[in-house]
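Below is one structure, written out as structure tokens, with a few remarks after it.
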Amino acid sequence: MEVEVNELMAVRLEKLEELRRRGIDPYGGRFDQTHLSSQVKNHYETLEGQEVALAGRLVAKRGHGKATFADILDSQGRIQIHARLDILGKENYDLFTRLDIGDIIGVRGSVFRTRRGEITVEVKEFRLLCKSLRPLPEKWHGLKDVDLRYRQRYLDLIANPEVREVFILRSKIIRAIRRFLDDRGFLEVETPTMHTIAGGAAARPFITHHNALDIDLYLRIALELHLKRLLVGGLERVYELGRIFRNEGISTKHNPEFTMLELYQAYADYHDMMRLLEEMLAYVTRETLGTMVVQYQEETLDFTPPWPRLTMFEAIKKYTGVDFKEIPDAQAARAAAEKLGLELEPGLNKGKIINEVFEAFVEPHLIQPVFILDYPLEISPLAKRKADDPTLVYRFEAFVAGRELANAFSELNDPIDQRERFEAQLKERAAGDEEAHMMDEDFLCALEYGMPPAGGMGIGIDRLVMVLTNSPSIRDVILFPTMRPRDNEDKV
RNA sequence: GCGCCAGUAGCUCAGCUGGUAGAGCAGCUGACUCUUAAUCAGCGGGUCGUGGGUUCAAAUCCUACCUGGCGCACCA
């Protein structure tokens, strides 16, 4: 690709050539860091006067004739360095002043504190490790253009320190989740991302093709059905933290690929899952934020267990005054929903109508962590039927900040019932519902061998990270969110 | 998919009752050995998102398209 050279790049390319003429490799080699910027800053008392070696990107430069201050940025943050003509000698000092903002350098020198109190490294020697050819974003305002921030996240990370903090926190959250589950005897596993049947959720899949087998494959839309096969196989506590792909719209809450945690525990039920989730969130918030009280946008969220438990019928009654428990069929449910002002597409069954009412009138109110229990059977084809009401299942969703945080059931382990559920889904698919589940004979076969009763749960990791990092958009917690590609010609 | 908003120098932004395109940072030249948004003096830098149209004249008005943001719809 031909690189369009603007004036700023031309100047840097000329400096690059000059360095090469002087026998200096502008792209350096390995460099032994003795310390990170944070270590120098946090242990000044013991390091004062000591020699340290730091490496990082030059992000600011303040020249004063025969001396120059500069800031370098490493993985831990910024630290000031100071270069003096009388220490470096003319040739090296000139080289230092010719460095550009953006260049990556290694410096060796002694630690001191300036008159104004800033911990600084007095450069004794330095080495260019990488010449930067493009100018960085503006130092004070950073990079604002969201298009560029997402497309060129590396610039976002250099220019906007709070972005780095979000992704560091994301990593800590995931680490805490792993530790929590590992400590409870859960086994982390990996299952296929390419499926011959896209199952475990209601969503449109991406389709790809395997040449050697000459078959189409689906990118997975859920982890569920393979993890349950592992319960059949006797791995009694399993979890997977994995990427899921759904071929649907993009919004502040949706990215086509996102990260899901699913876990399954044999001999447990959905009440155990509620307790597990409460404990997990208490642990994760304490470990990563040091508190169970989290500020998210305008709301203060308190994750301290236990969270309230409310059946879906109770929740709907609370916010609409209508008791759908007393409503006998789809026709009556539709009438009640429309009376509340909801517009419904034709042909919905009772369970779907109840869910529509719930999403429209209840979900937005669910700010503090809460469990909503006992979902309609029709929208829950993989959950165990309730013993005292066969139209409902042992399922809950946890909500926080008006959005779904987790979805869990007592897992359906009756293969006969499961087959009937799949068949009902097939009818919906035939009737035009592209998101209805597909039949999965192999999964049914596994169930027929026998799956222990189990509790299972799915947690959208990106949305959890959004809440814990106070990020308004899912794109703020995904390093490289899906974007429409741009023509190379448009790039500078 | 629909609606609203935005796109001007490498970056952050002004300019929009039509009349030769501006600032700050960054860059270049010079001065300056404790600055930290360093300072001071000077200089260079633009297919004004793209294509049509109206007009003597378009960054500015109209139109289509491209890209993005937000909201709605979709998303068990």
Side-chain angles (χ1 to χ4, degrees), chain A residues 4-12 14-15 59-71 78-88 93 98 100-102 112-120 122 132-152 155 158-159 200-204 221-222 246-256 258 343 345 348-349 351-352 354-356 358-359 375-383 393 395 397 404 407 409 425 428 433-437 458 472-473 475 481 483-487 489-492:
Chain A
E4 191 182 326
V5 178
N6 64 36
E7 183 201 342
L8 298 172
M9 282 184 73
V11 168
R12 289 174 180 228
E14 171 50 35
K15 287 181 180 175
V59 288
K61 210 169 68 162
R62 299 175 289 280
H64 294 268
K66 296 185 182 65
T68 297
F69 287 97
D71 297 338
R78 285 177 175 232
I79 189 163
Q80 179 167 267
I81 62 176
H82 187 231
R84 292 168 55 144
L85 173 62
D86 55 4
I87 291 176
L88 288 175
Y93 184 73
R98 297 275 289 161
D100 282 303
I101 289 172
F112 76 108
R113 203 188 273 275
T114 65
R115 243 175 250 161
R116 298 278 187 90
E118 174 128 2
I119 293 164
T120 304
E122 183 65 65
S132 169
L133 299 180
R134 291 176 184 265
L136 286 178
E138 205 244 6
K139 63 182 175 186
W140 190 240
H141 298 92
L143 186 65
K144 290 253 174 70
D145 185 324
V146 284
D147 191 21
L148 293 182
R149 286 186 48 219
Y150 296 147
R151 287 182 197 278
Q152 295 178 274
L155 289 182
I158 293 168
R204 259 176 279 186
I221 58 173
R246 294 188 181 174
N247 205 340
E248 284 156 5
I250 293 176
S251 79
T252 48
K253 292 175 195 162
H254 300 86
N255 196 63
F258 59 100
E343 284 181 37
E345 54 182 289
L348 296 181
N349 58 42
K352 283 194 175 173
I354 291 170
N355 193 51
E356 294 277 335
F358 175 78
E359 288 183 357
Y375 277 61
L377 177 97
E378 302 95 314
I379 60 168
S380 316
L382 302 168
V393 294
R395 170 184 177 184
E397 289 190 347
E404 178 191 337
N407 179 24
F409 340 126
Q425 290 289 309
E428 301 219 359
D433 185 352
E434 283 185 64
E435 287 163 1
H437 286 55
S473 167
R475 296 175 147 199
M483 301 288 280
R484 192 184 294 277
R486 291 185 73 166
D487 295 338
E489 288 159 314
D490 285 354
K491 292 187 75 176
V492 179

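These figures come from a predicted structure and were not determined experimentally. Lettering of chains follows the sequences in order, A, B, ..., and the numbering in each one begins at 1.
For the pair A/L148 CG and B/G68 C1', the interatomic distance rounds to 10 Å; values are reported in whole Å. Atom-to-atom, CD1 of A/I119 to P of B/U35 comes out at 17 Å; the value is rounded to the nearest Å. In this structure, A/R84 places its CZ atom 11 Å from P of B/U33, rounding to the nearest Å. In this structure, the CD atom of A/Q80 is 13 Å from the C1' atom of B/U33, given to the nearest Å. As a whole-Å value, the separation of A/E7 CD from B/G10 C1' is 10 Å. Computed from coordinates, the A/E359 CD to B/A73 P distance equals 11 Å when rounded to whole Å. Between the CG atom of A/N6 and the C1' atom of B/U47 there is a distance of 15 Å, given to the nearest Å. Residue A/D147 contributes atom CG, which lies 11 Å from atom C1' of B/A6 at whole-angstrom precision.
A/F69 and A/H64 have perpendicular rings, their planes meeting at more than 60° on a 0 to 90° scale where under 30° would count as parallel.
Going from the P atom of B/C28 to that of B/C62 covers 42 Å, rounded to whole Å. If you take atom C1' in B/A9 and the same atom in B/C56, they sit 30 Å apart, rounded to whole Å. Comparing B/G53 with B/G18, their C1' atoms are spaced 15 Å from each other, to the whole Å. Of the P atoms belonging to B/U54 and B/C13, the separation is 35 Å, rounded to the nearest Å. Taking atom P in both B/A26 and B/A41, the straight-line distance is 15 Å, to the nearest Å. When the P atom is compared between B/A76 and B/C66, the two are found 28 Å apart, to the nearest whole Å. With P as the reference atom, B/G51 and B/A59 are 12 Å apart, rounded to whole Å. Using C1' as the reference atom, B/G19 and B/C61 are 14 Å apart when rounded to the nearest Å.
Closest to the A/R151 side chain, of the nucleotides B/U36, B/A76, B/U67, is B/U67. When each of B/A38, B/U36, B/G27 is scored by its nearest atom to the side-chain atoms of A/T114, the top-ranked nucleotide is B/U36. Closest approach to the A/P135 side chain among B/G10, B/G68, B/A76 is made by B/G10 (side chain taken as heavy atoms from C-beta onward). Closest contact between the side chain of A/E138 and the listed nucleotides B/A38, B/U12, B/A76 involves B/U12. If you check B/U12, B/U33, B/U36 against the side chain of A/A67, the one that comes closest is B/U33. With B/G68, B/U33, B/C74 as the choices, the nucleotide that has an atom nearest any side-chain atom of A/R204 turns out to be B/C74. Looking at the side chain of A/I379, the nearest of the listed nucleotides B/C11, B/A76, B/U33 is B/A76. Closest to the side chain of A/L143, from the set B/C32, B/U12, B/G27, is B/U12. Taking only side-chain atoms of A/H437, from C-beta outward, the nucleotide of B/U29, B/A76, B/A37 with the closest atom is B/A76. The side chain of A/K139 sits closest to B/A26 out of B/C70, B/G27, B/A26.
Nucleic acid contact class of A/E378 (heavy atoms, under 4.0 Å, all strands): none. Counting any heavy atom pair closer than 4.0 Å across all strands shown, A/D145 reaches sugar-phosphate atoms only and no base atom. Residue A/F112 is classed as a base contact, given a heavy-atom separation below 4.0 Å to a base. Base engagement by A/G63 is indicated by at least one non-hydrogen atom pair under 4.0 Å involving a base atom. Residue contacts for A/K15: at a heavy-atom cut-off of 4.0 Å it reaches the sugar-phosphate backbone alone, with no base atom in range. The residue A/T252 sits close only to the backbone: its heavy atoms come under 4.0 Å of sugar-phosphate atoms, none of a base. Residue contacts for A/R62: at a heavy-atom cut-off of 4.0 Å it reaches a base atom on one of the strands shown. Residue A/E118 is classed as a base contact, given a heavy-atom separation below 4.0 Å to a base. Within 4.0 Å (heavy atoms only), A/R149 reaches no atom of the nucleic acid at all. Among the atoms of the strands shown, base atoms are found under 4.0 Å from some heavy atom of A/L8.
Between A/L382 and A/H437, the closest side-chain pair of non-hydrogen atoms falls below 4.5 Å. The shortest side-chain heavy-atom distance between A/K352 and A/N355 does not fall under the 4.5 Å cut-off. A heavy-atom distance below 4.5 Å is found between the side chains of A/R395 and A/N407. The shortest distance between side-chain heavy atoms of A/E356 and A/E345 does not fall below 4.5 Å. Looking only at side-chain heavy atoms (C-beta outward), A/N349 and A/E428 come within less than 4.5 Å of each other. Side chains of A/L148 and A/L155 form no contact here, defined as non-hydrogen atoms less than 4.5 Å apart.
If you find the closest nucleotide of RNA chain B to A/L136 and to A/T120, the one lying nearer the 5' end belongs to A/L136. Projected onto RNA chain B by closest heavy-atom contact, A/G142 and A/R116 fall at different nucleotides, the more 5' of which corresponds to A/G142.
A distance-only check finds a donor-acceptor pair linking the side chain of A/R151 to the backbone of A/R484 [under 3.5 Å].
Between A/R484 and B/G68 there is a side-chain polar atom (N or O) within less than 4.0 angstrom of OP1 or OP2.
Salt bridge absent: A/K139 and A/D71 never bring a charged side-chain N and a carboxylate O closer than 4.0 Å.
Taking all atoms of both residues into account, the shortest heavy-atom contact from A/Y93 to A/A83 is CE1-O, 3.6 Å.
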- Give RNA chain B the dot-bracket treatment, 5' to 3': Watson-Crick (N1-N3 with N6-O4 or O6-N4) or G-U (N1-O2, O6-N3) under 3.5 Å, [ ] crossing, | other strand. (((((((..((((.....[..)))).(((((.......))))).....(((((..]....))))))))))))....
